Every structure is written in C-alpha cells, then in structure tokens.
S.K.: 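Questions regarding the structure given below will be posed in turn.
None of the values given here were measured: they were computed from a predicted structure. Note on naming: letters A, B, ... go to the chains in the order of the sequence lines (proteins, then strands), and numbering restarts at 1 for each one.
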2 protein chains.
Amino acid sequence: MTADLHEPAVEDLDLTTVLQALGDPVRLTIVRCLADEGERACGTVELGVSKATRSHHFKVLREAGVTHTRAEGTHRHVSLRRDDLERRFPGLLEAVLQDQHAAV
Amino acid sequence: MTADLHEPAVEDLDLTTVLQALGDPVRLTIVRCLADEGERACGTVELGVSKATRSHHFKVLREAGVTHTRAEGTHRHVSLRRDDLERRFPGLLEAVLQDQHAAV
DNA sequence: TCAGAAGTTCGACGATCGTCAAACCAACGC
DNA sequence: GCGTTGGTTTGACGATCGTCGAACTTCTGA
C-alpha cells in the first residue's frame with residue numbers, strides 16, 4: 001500500500017480533468033455518496049464493481065482533485081474537497097449534486 | 001448531408017452524458033465560443049483540428065443536448081441550449097463558463 | 001451546368017478507458 | 001508468528017474515443 005495519495009493543489013485543478021472525472025456513472029455515485037454521508041472509508045460504498053475497479057475510480061477522483069484521501073491504518077477515509085472545488089469552480093459541484101434524476 | 005440533427009428533449013438530458021461531452025478541451029473551446037459569440041456557423045470556430053474531427057465534436061455536443069443546430073443552406077448554425085440546460089441542471093453551465101483558467 | 005464550399009460519413013489508426021482476476025503490501029488481531 | 005482484512009498494483013481484455021484523409025452529399029453562385 002505505497003499510495004502516494006497525490007492530490008493536486010487548488011490552483012492546479014483543471015476543469016477538463018474534473019469534468020472527465022465526474023463524467024462516469026460509478027464515480028458520480030461515489031461523489032453523491034460522499035456528499036450525503038460525509039467522509040467514508042473506501043470500501044463502504046456499494047458500487048457493484050470489483051475491488052480493483054473501485055480502487056481505480058477513487059484514484060481518478062483523487063488525482064482530479066475531487067476528493068481528499070486520509071490514510072488511517074489499513075483504511076482510507078475519503079471525503080469531497082467541497083471548499084477547494086467551490087473556490088476554483090464556484091457552483092459546479094452544487095450543480096452536479098443537485099441532479100436527482102440520475103439516482104435511479 | 002443527411003444529418004438527422006437529433007437532439008434530446010430537456011427531460012431526457014443525462015448528467016453523465018453532458019459531463020462527458022464537456023470533458024474535452026476541444027468541445028470546451030466550442031462551448032466557450034458559443035457562449036461568447038452566440039450562434040455560430042459550424043466552421044467559423046477555430047479549433048486546430050480537421051473538418052471531420054470538428055464535425056464529430058459538434059455531433060457529440062448536439063447529441064448530449066448541449067447545443068442546438070439549425071440548418072440553413074449548406075451551413076449549420078449552432079447555439080448553446082442555455083435555457084434547457086439551466087432548467088435541467090441549474091447552475092452547471094454557468095459554473096463551467098465561469099472558469100477563466102482554461103483559456104490558456 | 002458545373003465548380004466550389006460547408007458538412008457529414010466512413011473506415012482506419014493509435015490511445016485511452018472501464019473492467020476484472022491475481023498478486024501484492026501493510027496494518028491489525030489473535 | 002500468522003491469518004485476515006482493506007486497499008493497491010499489475011497485466012490483460014474489449015470497448016470507446018479523438019484523430020485523420022478520403023469519399024460523399026447538398027446547396028450556392030457564376
């Protein structure tokens with residue numbers, strides 16, 4: 001579990017990258033869950049995909065700067081970088097979270 | 001130039017699809033241009049890609065429901081579906097357009 | 001009538017993506 | 001120590017994507 005936990009600084013957040021990160025059903029599910037429940041351990045989100053795939057999606061979100069990951073023992077606690085996103089792209093995350101349609 | 005000009009209805013707009021459509025540098029350039037300049041003919045946006053590629057990107061935006069295309073002779077006039085997007089995803093487009101960073 | 005212009009469509013290509021199983025690593029509990 | 005648990009990494013796979021040139025369609029203007 002080397003895990004650099006590399007997260008971009010606020011000023012390095014790239015809109016294209018963030019939109020790409022959000023433009024996936026599984027990752028959108030993760031983001032919604034984090035928005036509702038606050039910080040979550042990586043594994044406690046039900047996604048219907050394998051461990052490896054889940055890890056991959058969390059990595060994409062983290063590297064896009066959407067989430068913050070805190071290591072604690074064997075667990076990783078993941079949370080939304082709401083303030084950072086709001087500072088860099090005001091209103092964006094709110095708009096994405098507002099959408100109820102996609103809950104299915 | 002068969003061109004169905006198929007555009008989804010407001011209630012059929014899908015967040016994932018829209019975010020995917022916006023998550024590309026070229027298409028983001030198009031959207032910004034349309035936001036600034038209003039309706040534009042397809043070809044009058046400088047993108048640095050071939051005719052075929054440009055046509056492809058316009059198609060993606062249209063089918064995602066981001067743009068409206070009006071045929072007039074050999075030209076296609078493309079415009080942002082601002083109202084529809086605002087109704088379906090309040091604040092989303094505004095947030096995307098707000099970003100100045102990406103102008104390069 | 002016919003040449004040209006505006007867009008689309010059709011392969012084709014390399015690159016990236018989402019997915020998985022399997023192997024791996026690091027911490028915890030016994 | 002040792003097995004277990006939570007998560008990552010590593011290929012590998014098929015699918016999708018962005019790109020192009022070339023052929024095509026449709027309209028326009030001389």
S.K.: Rounding to a whole Å, what distance do you find between B/Leu47:CG and C/dG7:C1'?
M.R.: 14 Å

S.K.: Could you give the CD1-to-P distance, from A/Ile30 to D/dG7, as a whole number of Å?
M.R.: 12 Å

S.K.: How long is the gap from CG on A/Asp99 to CG on B/Leu92, to the nearest 0.5 Å?
M.R.: 9.5 Å

S.K.: Can you tell me how far C1' of D/dT4 sits from NE2 of A/His75, to the nearest Å?
M.R.: 12 Å

S.K.: Mind calculating the distance between CD (B/Glu72) and C1' (D/dT26) to the nearest angstrom?
M.R.: 14 Å

S.K.: If we count only N and O atoms by modelled type, under 3.5 Å, do the side chains of A/Arg81 and A/His68 hold a donor and an acceptor together?
M.R.: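 Looking only at side-chain atoms, A/His68 and A/Arg81 do not form any donor-acceptor pair under 3.5 Å.
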
S.K.: Is it true that A/Arg82 and A/Glu94 make a salt bridge, defined as a side-chain N closer than 4.0 Å to a carboxylate O?
M.R.: yes

S.K.: Any donor-acceptor pair under 3.5 Å linking the side chain of B/Arg76 with the backbone of B/Thr69?
M.R.: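 No, the answer is negative, given that no donor and acceptor are paired below the 3.5 Å cut-off.
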
S.K.: Identify each atom pair where a protein N or O and an N or O of nucleotides 18-21 of chain D are less than 3.5 Å apart, giving names and distance.
M.R.:
| unit_1 | atom_1 | unit_2 | atom_2 | d |
| --- | --- | --- | --- | --- |
| D/dG18 | OP1 | B/Asp24 | OD2 | 3.4 |
| D/dG18 | OP1 | B/Arg27 | NH1 | 3.4 |
| D/dG18 | OP1 | B/Arg27 | NH2 | 3.0 |
| D/dG18 | OP2 | B/Arg27 | NH1 | 3.4 |
| D/dG18 | OP2 | B/His56 | NE2 | 3.4 |
| D/dT19 | OP2 | B/His57 | NE2 | 2.3 |
| D/dC20 | OP2 | B/Ser50 | N | 2.7 |
| D/dC20 | OP2 | B/Ser50 | OG | 3.4 |
| D/dC20 | OP2 | B/Thr53 | OG1 | 2.9 |

S.K.: Distance check needed: C/dT9 C1' versus B/Phe58 CZ, whole Å only.
M.R.: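 That distance rounds to 17 Å.
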
S.K.: Mind calculating the distance between CZ (B/Arg62) and C1' (C/dT9) to the nearest angstrom?
M.R.: 12 Å

S.K.: Whole Å only: how far is the CD atom of A/Glu63 from the C1' atom of C/dT16?
M.R.: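 Rounded to whole Å, this separation is 14 Å.
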
S.K.: Taking B/Glu72 for its side chain and B/His77 for its backbone only, find out whether a donor-acceptor pair lies under 3.5 Å.
M.R.: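 Between the backbone of B/His77 and the side chain of B/Glu72 there is no qualifying donor-acceptor contact (under 3.5 Å).
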
S.K.: Within this structure, what is the NZ-to-P distance between A/Lys59 and C/dG18, rounded to whole angstrom?
M.R.: 13 Å

S.K.: Does A/Glu7 reach the main-chain N or O of A/Gly65 with its side chain, forming a donor-acceptor pair under 3.5 Å?
M.R.: no

S.K.: Would you tell me if any nitrogen or oxygen in the side chain of A/Thr74 comes within less than 4.0 Å of OP1 or OP2 on D/dG6?
M.R.: no

